[in-house]
Structure formats: structure tokens, C-alpha cells
Amino acid sequence: MIDFIKINNLNIGPRIKDRFDFEGIFSLNSGEVLTDKKNSGYLRNLIFTIIPGGQFVKLQGSIHKYANGGKYNNDRFTLARFLNVANELKDYISSDDIINTLEFGINIRTPFDPSLFIKNIISHLKKSVNKKVTAEEVSSIFEYTHFLIKIYNKGLHQGPIGVNILRVEVKYLRMQKLFPSGLKWSDLANKDTWEYLGDIIRSKFSEIIYYDPSIDLDQVPE
């Protein structure tokens, strides 16, 4: 369920710089390393960025994709799988690191084409939908100040072919509304946190208003 995360300041950031190669930016004229530019290193979809000055290292990326070799996030990502990832990343992320952005979602295999449902979404409560329908993407997005809801056809670009996958995700850009006291990396290893996030997804999805074209309005009593 946990997917994209962003940590603006890793506690052990300065020590990470020696663990894998960071892409440096150089002057084409002198060959000098431009220390006032951001440098990035990559680890199975996770991006570690050294902020100019070298005192801070930022992390962002999909934990779910990391668990799948950095390639996809169309299957189930359980708490047990997250615990394995957390153990693998213990030399990069400390338990007290603060999560600044969090995206969490579920992949639902449906007996129908998810695009049929997504195309008929009208709103989230009174919020109008931002809809995109192309050959590569069918999605409905609701953008708020501190979070967004995205519902889309995951099977269109991550297969497997012939499998219908409805993706429902919520992304919090401002964590105060979700966790007023803040969210630590270690909190994501807590079952109660996952249950709380699951309740958030169910609540947001239940507030979606959509039109069912299969209803015969002529047969509806007054």
C-alpha cells in the first residue's frame, strides 16, 4: 500500500555519499565540479539528492517499485514486504527520518475494464474531476491544497496484458493534515499506521460520485 515517499533531510545523509556513485555536474570549460548544483544517486527507483553545500541529502521515490527491482508497482505491497524493504534500507534511512510526502494506494483486479468506471466518475464530494482519456492513460484526478486523489487504469501501462487493474491512490503533499504530530520512517512499520491509511483510502473512495450508465432510468420509480 505504501508507494512514493519523500524525505527532505536524511539523518545519515552525509554518510550516504560514500555508498554509491552520485552523478556530478561539471563545468564544460574548466572541468571543475559545480558544488552549487544538486547531485543525484540512484538505487532501484529511489533517488538520493545531495543539496548544494553537502550537508543535506534528500530521498524520493517509490518504495513499492524498489521492492520489485525498481520496475513496477502493479501488485500487492503488504506490510510484510515493506518490513523487508525497511531492513534492506537500514543503512540509508534511519528510524527517526521524517516523511515529508507520502503516497499510498491499492491495486484492485476487476472483472471489468476499469476505464469504463473511471470515465463515468463525476466528482469527489463537490470537487470536480480532472479527467484524462488517451490510448495510454485513463485517469480521474482530484487536486486539493494538501493532497490529491488519483484513480486510473493501471493495466494500460503496467499489465500483465489482459489483466484489469484499477488503481486508487492518495498522495499527501502536506503531512500535517494526515499526521498532525508528524510521521517517522519507523511509523510505517506499525500495523496501526497501515490500518489508518487503509481507512483513509476507503473513506476517500466512498466519497466518489459517479454515473452508472447501465441503469435504465425509464425503469426507476418516481
Side-chain angles (χ1 to χ4, degrees), residues 1-6 45 62-65 67-68 71-82 99 101-180 183 188 191-222:
M1 182 168 60
I2 303 297
D3 201 339
F4 179 89
I5 67 166
K6 181 187 288 185
N45 182 259
S62 170
I63 297 298
H64 190 166
K65 285 185 178 180
N68 289 321
K71 298 178 180 179
Y72 58 89
N73 60 344
N74 62 359
D75 58 353
R76 292 188 65 201
F77 187 56
T78 62
L79 174 58
R81 293 186 66 194
F82 172 81
I99 308 294
T101 298
L102 179 67
E103 177 186 286
F104 49 100
I106 55 174
N107 299 313
I108 306 168
R109 294 201 173 190
T110 62
F112 56 87
D113 182 356
S115 295
L116 299 176
F117 169 75
I118 297 166
K119 290 177 182 178
N120 288 300
I121 290 177
I122 299 172
S123 68
H124 172 251
L125 298 177
K126 296 182 180 181
K127 185 75 170 180
S128 59
V129 63
N130 180 9
K131 197 170 294 185
K132 184 174 183 180
V133 179
T134 67
E136 293 78 26
E137 179 181 353
V138 177
S139 63
S140 288
I141 303 175
F142 303 95
E143 299 184 40
Y144 290 87
T145 302
H146 57 279
F147 73 95
L148 61 85
I149 303 168
K150 184 175 181 179
I151 302 172
Y152 61 101
N153 187 341
K154 190 76 170 178
L156 283 180
H157 57 88
Q158 279 199 7
I161 296 175
V163 176
N164 296 318
I165 304 174
L166 176 67
R167 171 74 173 184
V168 182
E169 66 185 33
V170 182
K171 184 175 184 179
Y172 272 80
L173 308 173
R174 299 184 181 179
M175 298 294 290
Q176 293 86 350
K177 295 288 185 179
L178 187 62
F179 293 94
L183 177 70
L188 295 181
K191 180 182 177 182
D192 291 340
T193 302
W194 284 62
E195 291 178 349
Y196 170 63
L197 296 177
D199 289 340
I200 295 293
I201 293 177
R202 282 191 291 268
S203 175
K204 300 300 184 188
F205 188 75
S206 69
E207 295 165 347
I208 298 294
I209 298 172
Y210 61 94
Y211 171 68
D212 185 352
S214 68
I215 296 175
D216 184 354
L217 295 180
D218 294 331
Q219 300 299 318
V220 178
E222 293 183 4

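Remember, predicted model here, so these are calculated numbers, not experimental data.
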Test side chain to side chain contact (heavy atoms under 4.5 Å, CB included) applied to H124 and Y144, step by step: CA-CA 11 Å; H124 172 251; Y144 290 87; 2.7 Å; yes
Side chain to side chain contact (heavy atoms under 4.5 Å, CB included) assessment of F77 paired with I63: CA-CA 9 Å; F77 187 56; I63 297 298; 3.8 Å; yes
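S128 pairs by the side chain to side chain contact (heavy atoms under 4.5 Å, CB included) definition with nothing, not counting sequence neighbours. F104 meets the ring pair (Phe, Tyr, Trp, His ring centres under 6.0 Å) test with no other residue; sequence neighbours excluded. With sequence neighbours excluded, no residue forms a salt bridge (Lys or Arg N to Asp or Glu O under 4.0 Å) with E207. Contacts of T193 classified as side chain to side chain donor-acceptor pair (under 3.5 Å), with partners at least two apart in sequence or in another chain: none. Checked against side chain to side chain contact (heavy atoms under 4.5 Å, CB included), T78 has the following partners two or more places apart in sequence or in another chain: R76, A80, R81. Every residue two or more places apart in sequence or in another chain was checked for a salt bridge (Lys or Arg N to Asp or Glu O under 4.0 Å) with K65, and none qualifies. With sequence neighbours excluded, the residues that form a side chain to side chain contact (heavy atoms under 4.5 Å, CB included) with K177 are H146, Y172.
Applying the salt bridge (charged side-chain N to carboxylate O under 4.0 Å, His left out) test to pairs two or more places apart or on separate chains, those with a residue in residues 134-149 are K132-E137, E137-K150.
Summarising the geometry, atom CD1 belonging to I151 is positioned 6.5 Å from atom OG belonging to S140; distances are rounded to the nearest 0.5 Å. To the nearest 0.5 Å, atom CG of residue L156 and atom CG of residue N164 are 9.5 Å apart. The line from NZ of K154 to CD1 of I165 is 8.0 Å long, rounded to the nearest 0.5 Å. Between the CG atom in L166 and the CZ atom in F205 there is a gap of 6.0 Å [rounded to 0.5 Å]. Atom NZ of K171 is separated from atom CG of L148 by 6.5 Å, given to the nearest 0.5 angstrom. Atoms CG and OH, from N120 and Y210 in turn, are 10.0 Å apart once rounded to the nearest 0.5 Å.
Heavy-atom minimum distance, L102 versus I5: CD1-CG2, 3.8 Å.
H157 is listed as a side-chain neighbour of Y152, based on a closest heavy-atom distance under 4.5 Å. Side-chain contact check for I121 versus F142: some heavy-atom pair is nearer than 4.5 Å.
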Taking only distance into account, with no hydrogens and no angle test, what donor-acceptor pairs under 3.5 Å do side-chain atoms of residues 195-204 form with protein atoms, sequence neighbours excluded?
unit_1: Y196; atom_1: OH; unit_2: L178; atom_2: O; d: 2.7
unit_1: D199; atom_1: OD1; unit_2: R202; atom_2: NH2; d: 2.3

Could you list the donor-acceptor pairs under 3.5 angstrom formed between side-chain atoms of residues 213-220 and any protein atom two or more places apart in sequence or on another chain?
unit_1: S214; atom_1: OG; unit_2: D212; atom_2: OD1; d: 2.6
unit_1: S214; atom_1: OG; unit_2: D212; atom_2: OD2; d: 3.2
unit_1: D216; atom_1: OD1; unit_2: D218; atom_2: N; d: 3.1

Report all side-chain donor-acceptor pairs from residues 106-118 shorter than 3.5 Å, counting only partners two or more places apart or in another chain.
unit_1: N107; atom_1: OD1; unit_2: R167; atom_2: NH1; d: 3.2
unit_1: N107; atom_1: ND2; unit_2: N73; atom_2: O; d: 3.0
unit_1: N107; atom_1: ND2; unit_2: D75; atom_2: O; d: 3.0
unit_1: T110; atom_1: OG1; unit_2: F112; atom_2: O; d: 2.6
unit_1: D113; atom_1: OD1; unit_2: S115; atom_2: N; d: 3.0
unit_1: D113; atom_1: OD1; unit_2: S115; atom_2: OG; d: 3.4
unit_1: D113; atom_1: OD1; unit_2: N153; atom_2: ND2; d: 3.3
unit_1: S115; atom_1: OG; unit_2: N153; atom_2: ND2; d: 2.8

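Heavy-atom contacts from other residues, nucleotides or ligands closer than 6.0 Å to NZ of K71 number 12 or fewer.
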